[in-house]
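Below: the structure, in structure tokens.
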Amino acid sequence: METEAQKNQHFEGQEQNQGKKVTFSICLLLALAGLIPIVRACSFLYTSGIDIPSNDDVIFFRLIERMSVSDYNWLNYFRDTLINGHSFALGLALFWLNCILTAASQTAMLSLALILLLLRVLLMNDYMFGKYSANTRLAMFLPLSLILFAPSQTTVLAHPTFAATWQLSLLMSLLSIWALARFPSRVSVNIASTLAAVIGCWTTALSLTALPLLFVQVYLNGKRSVRDYTWAIAASVLSLAPYLASFTVRQEHTRSIADQILGFDFGIFLNILGRPFASGTGTNFGHLTQSFNAGLFGLVCMCLLLFVAFKLTQKERMRNTLMPSLLCIIMGLETIGLIATARPFIAPTNSSVSSLFWCGLLGLALYCFSFTTQHHRAVRTGSIIVFISVILLSVCFSKTFEDKQYYLANRAPFAASLVRNFAHAPTYATRMIFKLVNLEPYTLAMPLEKNAWSIFAPHREYLLQGDFALNSVEVQRVNGARVFWVKGTDPNREKSWKNYNHLNLALQGDCTVFWHVKIPPNCISAKLHCKILGTDATSIRDTALRKPVLIKHEGSSDRDFADLSKSGEIDLKNYCGQAITICFHSNSKQTAIFKYPRIEVVAPPDPLQTGVNYAPENVLDTADLHFNPAYKLETTDPQKLSIHPRQSITHQNFESLDFLTTGRPALINCTVRYKSGNASAFEIPIFGPATPAVYTQPGRIFDDYPDEIEEISLVNNSPGALSDYITAAYLRCHR
């Protein structure tokens, strides 16, 4: 029979097993919760924007075209790929491979970037918390996921080409140190670590900051002889060689690396450090009080926790458990310091670098929390405060992607239409999408068309939302009817057609939208996707909307597709080679919502447009601009012209803003102020003919807000006075 002591031991064992199961279950739930930020980021990135390269990819395309020439000197490869201090030698090879295999699909590059980011989360988890229990590693997946998949980190993935190379560089830098830390005595691991370091440095210049840490890690492994440092020395020599060879070399119109050393700026340093915890990082590249304060908070917490760690712990335990977190902190600070020395501004991508520091700070806080020595209660309390503060900061500034996205405007549906119609692309649209000065649509369109990539590939889409401000779309309204765009089926969620979201067309009242499209000849398939949405779609179709969508084409009468709301798909293959007009019509007081109208086409590539003379469709011959009593012109100073409407004007009854130019190239800032207090701004480049001309800005481009317009102002952003470039302005309104 069991003794009383045996029974008690048995019960204690059961309680311990039960406690372990509860602890494991809690940690597993925390780990699964870490999937939420990942799913949220994937959902945003895959449903926003369209599959077209960013304007920044023009640099890649130019290099690829140069290297495609048979007499290209491959000895210049590293020099050619060392641009503005970022060595993307391997990044360019990756981009080239993507062009060959997927016709420059940005979705493929986005998927690769997300996979690399996920691998970095897993690798960082194992690197910093590998010496802790399995339950701790599971639980720490959640905070790492919250930081690394936050909007401040993942919005940069909206530029997939850059994102894939950036994530590859960060992953390889971490992998090189992790391999040495986890497997210190294997020759094969040393080789792998060396290759990882070289790949990272040849992908992005900022990965050079990982090289000193290789020597630190070898030292921590207990190695002392020169032979033990062989692989770290080899990695450093191979990584630095291209940079040293091109240190003072200027390439085309870019500066050499030496020219970019501006001097360390501590203000920029703190702003970059705290950049993940600030709003407006997608548009503000300067000082932000939120990021400055967050960076200062992080430095103070780091100093306090390091003091405690070095004061109250054994060196051996610190070497085994703390050093990975400390090396992440150091690598983050080194990289931020390098940026603060070479850049006078703070790009949205810098948040990815800052994440190294904040993840390392979490590891430092966890290390101090695990103390069992004297003062451990006070130390634990402080560690918990730091840990929770970082998590709360991450959650509070991760509510939305809107204020942190920068590149998605380059991949809005309108970008595809603008690039596809580059020969006649309107001038007002270029600065909406292409942020680089003097970069026009044809610079991106020509290499895409030449190689049948992206929107010129055999499988392509034509988007009504993208064409909406082009002359290929006409709008007719009667008695105050409205034509607008919404997200979902709620008419109150009105958005601008310029938005990067896939929006639905909304018609309210008696109105029609005419969409002129040329169906390519010899197409394999051509289908119009458009479905009437909303709970009352059936009643609308059966009563007021007798002909919701109809097709006008050569030599035939209108065709009615009465079953549109059921199928959501119309076969257009019979119209191959024809110019057709698709009409979306409503004569109901109810709102008819058409789901993201688009035409999917599979056809051989179109023939190249040769001898194209750029002729913007919004630049007209000189015409008189007659006085209109509907508005008042006011010149407040030589640089500004204000237009004050005398009647109620919104983008619904605003036909166009026209102004007469002198023929001199210029950049004009156009600001629209609404009576609600909102305002929107546009940059309008004037680069048409060298003779006086009329520039027309359709009223539809001023639909950022549905409110009544109070004032439209034109401000000169070029040398001289506004009258040197614009001599008159005119508002046209629908009667």
Side-chain angles (χ1 to χ4, degrees), residues 37-38 40-41 44-45 54 56 86 110 113-114 116-118 120-121 124 143-160 162-171 173-174 204-207 209 265 267-299 302 328-329 331-340 342-362 390-408:
I38 300 175
R40 181 172 177 246
F44 171 77
L45 292 169
S54 167
D56 287 1
H86 296 288
L110 170 61
L114 284 168
L116 293 174
L117 178 56
L118 178 60
R120 184 155 64 95
V121 174
M124 186 168 287
L144 291 181
S145 178
L146 286 172
I147 291 179
L148 293 175
F149 275 92
S152 59
Q153 308 294 315
T154 52
T155 49
V156 67
L157 273 63
H159 183 357
F162 181 82
T165 56
W166 186 253
Q167 296 301 327
L168 177 64
S169 176
L170 291 172
L171 177 64
S173 297
L174 187 62
T204 301
L206 296 178
S207 294
T209 55
D265 189 320
I268 289 181
F269 177 86
L270 282 180
N271 264 278
I272 296 175
L273 187 62
R275 218 60 176 181
F277 311 124
S279 302
T281 55
T283 54
N284 191 327
F285 287 14
H287 173 81
L288 286 173
T289 303
Q290 292 172 330
S291 60
F292 183 89
N293 292 337
L296 189 61
F297 167 78
L299 278 184
M302 179 199 71
C328 285
I329 291 175
M331 185 159 58
L333 293 177
E334 280 183 345
T335 311
I336 295 170
L338 181 59
I339 298 173
R343 287 289 183 268
F345 56 86
I346 307 162
T349 54
N350 297 153
S351 295
S352 298
V353 179
S354 306
S355 63
L356 286 168
F357 171 84
W358 294 102
C359 290
L361 187 62
L362 289 182
V390 174
I391 298 302
L392 288 178
L393 282 173
S394 181
V395 172
C396 290
F397 289 98
S398 299
K399 295 178 181 178
T400 176
F401 292 89
E402 297 291 331
D403 65 314
K404 298 181 178 63
Q405 71 83 19
Y406 174 74
Y407 288 106
L408 273 175

Subject >> Expected output: side-chain S169 to main-chain W166 donor-acceptor under 3.5 Å >> reply: no

Subject >> side-chain contact (heavy atoms from CB on, under 4.5 Å) assessment of S152 paired with F397 >> reply: CA-CA 8 Å; S152 59; F397 289 98; over 6 Å; no

Original post:
At their closest point, which heavy atom of S394 faces which heavy atom of L146, and how far apart are they?
Top reply: OG-O, 3.1 Å

**OP:** Give me the ring orientation class for F285 and Y406: parallel if the planes are under 30° apart, tilted from 30 to 60°, perpendicular past 60°.
**Re:** tilted

Subject >> S352 versus Q167, closest heavy-atom pair with distance >> reply: OG-NE2, 4.4 Å

Original post:
Going by atom types only, do R275 and S291 share a side-chain donor-acceptor pair under 3.5 Å?
Top reply: yes

Original post:
Given C328 and L174, is the side-chain contact (heavy atoms from CB on, under 4.5 Å) satisfied, shown in steps?
Top reply: CA-CA 8 Å; C328 285; L174 187 62; 4.2 Å; yes

**OP:** Scan T155, L408, L114 and name whichever one has a side chain to side chain contact (heavy atoms under 4.5 Å, CB included) with L45.
**Re:** L114

**OP:** Would you give the length of the straight line joining atom SG of C396 to atom CD1 of I391, rounded to the nearest 0.5 angstrom?
**Re:** 11.0 Å

Original post:
Hey, is the main chain of L273 close enough, under 3.5 Å, to the side chain of W358 for a donor-acceptor pair?
Top reply: yes

Original post:
What is the minimum heavy-atom distance between A163 and L157, and which atoms define it?
Top reply: CB-CA, 3.5 Å

**OP:** Could you tell me whether a side-chain N or O of Q153 sits under 3.5 Å from a main-chain N or O of S351, the two making a donor and an acceptor?
**Re:** yes

Original post:
What are the two closest non-hydrogen atoms of Y407 and S54, and how far apart are they?
Top reply: CD2-OG, 4.0 Å

Original post:
Judged by atom type as modelled, is there a donor-acceptor pair below 3.5 Å linking the side chain of T154 to the main-chain atoms of A41?
Top reply: no

Subject >> Minimum heavy-atom distance T400-R40, with the two atoms named >> reply: N-NH2, 3.6 Å

Original post:
What are the two closest heavy atoms between R120 and S355, and how far apart are they?
Top reply: NH1-OG, 3.8 Å

**OP:** Measure the CG-CG distance between N350 and N271 for me, rounded to the nearest 0.5 Å.
**Re:** 10.5 Å

